[in-house]
Amino acid sequence: MREITYAQAIKEALAEEMRCDENVVVLGEDVGILGGNFRATAGLYQEFGEKRVLDTPISESGIIGCAVGLAMAGFRPVAELMFGDFVCTAMDQIVNQAAKIRYMSGGKLSVPLVIRTNIGAGRSSAAQHSQSLHAWFCHTPGLKVIMPSSPYEVKGLLKSAIRDEDPVMIFEHKGMYNKKGEVPEEEYTISIGNADIKREGKDVTIIATSSMVKESMIVADRLKEEDIKVEVIDLRTLVPMDKTTIINSVKKTGRLVIVDEGVKQAGITAEIAVMVTEEVFDFLDGPIERVANENTPIPFSPPLEEFVRPTQEKIYQAVKKILK
Amino acid sequence: MREITYAQAIKEALAEEMRCDENVVVLGEDVGILGGNFRATAGLYQEFGEKRVLDTPISESGIIGCAVGLAMAGFRPVAELMFGDFVCTAMDQIVNQAAKIRYMSGGKLSVPLVIRTNIGAGRSSAAQHSQSLHAWFCHTPGLKVIMPSSPYEVKGLLKSAIRDEDPVMIFEHKGMYNKKGEVPEEEYTISIGNADIKREGKDVTIIATSSMVKESMIVADRLKEEDIKVEVIDLRTLVPMDKTTIINSVKKTGRLVIVDEGVKQAGITAEIAVMVTEEVFDFLDGPIERVANENTPIPFSPPLEEFVRPTQEKIYQAVKKILK
Amino acid sequence: MKLSKEKLVEMLRKMLEIRCFEEAIYYVYAQGWMPGLAHLYIGQEAIAVGVCENLKKDDYITSTHRGHGHLIAKGGDLNKMMAEVMGKVTGYCKGKGGSMHIAAPELGIMGANGIVGGSIPIATGLGLSSKLEKDSRVTICFFGEGASNQGAFHEGLNMGSLWKLPIVYVCENNLYAISVSQQRSQNIEDVATRAKAYGIPGEIVDGNDVLAVYEVAQKAINHAREGKGSTLIECKTYRWGGHHVGDPGTAYRPPKEVKLWKDKCPIKGFKFSLIKRKILTQTEIDNIENEIKQRVDKAIEFARKSSYPAPEEALDDIFAK
Amino acid sequence: MKLSKEKLVEMLRKMLEIRCFEEAIYYVYAQGWMPGLAHLYIGQEAIAVGVCENLKKDDYITSTHRGHGHLIAKGGDLNKMMAEVMGKVTGYCKGKGGSMHIAAPELGIMGANGIVGGSIPIATGLGLSSKLEKDSRVTICFFGEGASNQGAFHEGLNMGSLWKLPIVYVCENNLYAISVSQQRSQNIEDVATRAKAYGIPGEIVDGNDVLAVYEVAQKAINHAREGKGSTLIECKTYRWGGHHVGDPGTAYRPPKEVKLWKDKCPIKGFKFSLIKRKILTQTEIDNIENEIKQRVDKAIEFARKSSYPAPEEALDDIFAK
Ligand SMILES: Cc1ncc(C[n+]2csc(CCOP(=O)(O)OP(=O)(O)O)c2C)c(N)n1
Ligand SMILES: Cc1ncc(C[n+]2csc(CCOP(=O)(O)OP(=O)(O)O)c2C)c(N)n1
Ligand SMILES: [Mg+2]
Ligand SMILES: [Mg+2]
């Protein structure tokens, strides 16, 4: 199959949806002429023009608020927040407005809005350009939350997100924009709410999000050599969460490692772990292991950054620990 | 002992600290002439004047940013965000600035800042004035997070927060501002990071936060009549968390119910539950029960609001379930 | 400006409707029939009416915590409003929103808002939708002078002006934001000055003179509809009561000031001029007032008789089905 | 304006130091010695220097993502800066901050900032501290024209102006925010116009003329120090390179425009005038340049020889001990 980058996959998803639905518009900082800071909107401005691909001022609340208004009026805006850290300057519009408008209006207003942003450290971008803040939005009823792990996933999920009637936050990964993967030429979508078993195994389950799926696969390879069969689940969407796939896997393996790049404390690994404990306590052979970012801001210097991030080695150790 | 309200206890803490440290200043919307929307700063403007009690424009980012600047310059600002929901309009200053400045500067800058805000539904204030968003800040390294459960706790903890060298978020409870409780006349502080066992018991542990402590105590009374001995732990501070007290209690009872007013999904109850599971898995006699807000925005109409909130009945049922 | 008799009477009627509705809310609150609080519009009626009388049904408005007046002026149904304020299932939002969150998209009412300034960027999006669709709608964005200190105000107006969107930003300067007077919250006398920061016209108008508001709004609305972009209108006015029904509003405002502004009552003045111009007689006005009072009483009755939503409905409307 | 020879030479020296440091960063980046990215100040040197030459050591500055120039102008040590940019433990922040987060409170440098507009409300707080302490310090708040569209700009300036704080807001209008030109981000020609929204003086100055910047800044700083409040200064300038070291900056800017501005080089012009005024000879300038180059080379060497922090140090500095 042909291979394209994660950024290209995003661009294809956007272009396809824009072609078949003229209500789809893209807006954000530098998404137009520049084609996006991470080149995920490259070419859209040229194809669809400045009316449908809007470069905005540096005004994140303005961007999301504007997208909310567009969405209420029948458009399907896809707003980009260049770095995931900038959700902070748009938080009111995301949380108090977009997420709650359907509810507060008793179902009268819809906000079919997609917010594209990202997570991920590892690029020496320091504390204000490296956060993985997706957990906050899982704690915000009214939002769907997606974390695509590859070019294939990001294309299929983004297309579904655009067609969704509700606000969807899609957390891409900064370290993956340039990474290639197989993506079919023909159209497809991936429905929101389904996890994907990336590899079957019977000894231990790893649930991973975003770029941690790939890291976990590499660890699974390594463990295979030690005759440990790891089942790797790509969670794909956090809200709604595919409990069935998770539970079935844990019932089979009895052991669970959860890997996510967010800060560990009060992060999404906690929610997944508890959900599993609540649902299949008796199937668990031991405590669940969580591999996540240390409870620190992201430091700039490479050795420090490496120290705090979830790594293959940490995933490996977690599996070994749980099997003891 | 004399009884004063939660709001009065806050005001006393502020006044005492302002008297003994002239670097303590208070700022926020309507904290001056009006004495605070919830009257928690009543009288301070009159005693300390407009230089130390600043009514601000409606600019939450401005308020927190200003407090950050003051703190870096050697002051000890106490900033009020009138409703907990308004953290959203100040999120960048809280998360990207206040929480990270010490770290990013390699320890060169300090931000001894207190942010007073609140949680709590139950007042028919609807979705934008009822959220309990404390979990987000537990997921933000660099912040301490406090949730006082009574006038006694709020006074002692706020005084410690003001003396702390780091940014502290203190989540008061809107439903408690008018509620009275015993508070000693003589000065005292409560150190950050210590949970408090409000009642000892051997059958089941309830860990509760904020106003849920009182609700849990009432449930414990009711269960006592059924000869069920409940240990009630008032968590008091979420970050840092008093793991020892929690673990010792669970070791004793083997059963845990966690009660918190935040939304359940990805909330603080998940983090506590996982921490316990990780630390004392083998002592647990069954899955942990979480009582928290349903995964919905807060509705306006009283029967709806009652339906989504954690209530005494829900706490009671959780204990009964866990004992089955 | 020459307006038909019908128009003038309609304006008075709407203003009276707002006044009467808001007085009823005080009553309903005092009776304990209403959960929570509400922010009343009494004293500012000329603004909502003066502006909205220029609008077509499908024009958009965004509103604030102090929204009842805007909604009524834009055609809101008193029964559904009252029921919403009481948290009943027959309300505009099935009881989920309450006073601060009433929405009626079928009337172009795209939501009141509990976050100060929160609706300003949303209005930008509504305006942008009209520009993209070429539907010649206009969006009216109401907010207070306090909101003009919010970052969202700045971002919303910057984008609205940049893209020449058909939006009229209506700042109701009632001199206070809760307890904080305008001069204690900004270093300028007129919020309209801020229009300069966005390169758009800034107008100042007596917000208690419904005809003056009508005229200024008409100009701005035409400007917008003709594709010439946004305008910021500042209406000088006063909030008669406290910040909300539970606030007497006396702790931070001199009684003299309150009295002065009550003397400038937007309704009294307008009634007087209509009588003087022989558009209406006192008796006719009395009849109108009685008729409105009856409708408001009926709204209270309707709302009181309506049932609360079933508790489980709390779980609906989070996502589309 | 009459300035001593020493002052003029010092200004040239500082500008050269910035230029040379930034060129070194390009080199260091190309060599792969530096992790991450950096936003260079080349072309804007006259602003940082023209402003900071008015300051006392304990005056405050807040900076931005494009902060090296401000730091050097305020007295930053080249070794510690270079080490920080390379993530070394000898850097200003022990390698934890990197290019965008350098802080040196001992020099009044209260932090660069990776969030556009993020430091503006912080500057308000610094200014407030001076007012409360009556320490007669001034705070300089640097930011770009792109930042002037952020809500934080509005809230920061509103509060700063309201409380008459000793702050000078210095907007470096380099015509672009990443790829978006000023006219595609705001409906006004001059950011200085926005001063009207806050009732403070707004000044426009040629940001490539260090003496002009010095003069305007001096006036504003004196104004602030005398307790008369804030000023917004807009310095018209240009960013020679791309947005950061990895961006050629050619995709969205016409080459002609870039050339035009390079011709207006703030350093070339200043050198020329100093020679003409017989303050310095070409040889003296060459000597200064050589001396600076050596210092920058030494900074690179210092940084390269320094070690990285120990990994576990990542767990320190979250809270005070
Ligand atoms: C972001 C935010 N901050 C603060 C509040 C609390 N609050 C509600 S109304 C209000 C005053 C608003 O003043 P103004 O905009 O002048 O409107 P007015 O009430 O005078 O109509 C405040 C501070 C809020 N709802 N939202
Ligand atoms: C809140 C926020 N939004 C967006 C960005 C990404 N970003 C970094 S610099 C920049 C452009 C800033 O433009 P300007 O303020 O004019 O400064 P300049 O880069 O021209 O010096 C942008 C959009 C950011 N860092 N922070
Ligand atoms: Mg007002
Ligand atoms: Mg710029």
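Order of the sequence lines fixes the chain letters, A, B, ..., with proteins taken first and strands second; residue numbering starts at 1 for each chain.
- Closest of all the heavy-atom pairs between T277(B) and P287(A) is O-CB, 3.9 Å.
- Interface remark: A126(A) contributes no atoms to any contact with chain B (heavy atom separation under 4.5 Å).
- Side-chain atoms of D85(B) do not come within 3.5 Å of backbone N or O of N96(A) as any donor-acceptor pair.
- Taking the side chain as every heavy atom from C-beta outward, Q265(A) and M241(B) never approach each other to under 4.5 Å.
- In this structure, CD1 in I94(B) is found 10.0 Å from CE in M91(A), a value given to the nearest 0.5 Å.
- The residue among E289(A), E60(A), E278(A) with the most heavy atom pairs within less than 4.5 Å of chain B is E278(A).
- Neither the backbone nor the side chain of V87(A) comes within contact range of chain B; no heavy atoms are under 4.5 Å apart.
- Residues I298(B) and Y103(A) come closest through the heavy atom pair C-CE2, 4.1 Å.
- Residues F281(B) and F281(A) approach most closely at CE1-CE1, 4.3 Å, considering heavy atoms.
- Ranked by heavy-atom pairs shorter than 4.5 Å toward chain A, the options E294(B), Q97(B), Q131(B), K264(B) are led by Q131(B).
- When each of M275(B), H139(B), M104(B), E279(B) is scored by its heavy-atom pairs under 4.5 Å with chain A, the top score falls to H139(B).
- Heavy-atom pairs under 4.5 Å with chain A were tallied for G267(B), A270(B), G286(B), P297(B); the largest tally goes to P297(B).
- The neighbour count for K314(B) NZ, taken as heavy atoms of other residues, nucleotides or ligands under 6.0 Å away, is above 12.
- V263(B) approaches P141(A) most closely through the heavy-atom pair CG2-CG, 3.7 Å.
- Of the listed residues T89(B), L133(B), V274(B), the one with more heavy-atom pairs under 4.5 angstrom with chain A than any other is V274(B).
- For T140(A), the part sitting under 4.5 Å from any heavy atom of chain B is the side chain, from C-beta outward, and nothing else.
- Interface summary for chain A: among A90(B), A135(B), P299(B), A273(B), the most heavy-atom pairs under 4.5 angstrom belong to P299(B).
- Counting heavy-atom pairs closer than 4.5 Å to chain A, the top-ranked of the candidates Q93(B), E271(B), Q128(B) is E271(B).
- The contact between S132(B) and chain A is made entirely by backbone atoms, counting heavy-atom distances below 4.5 Å.
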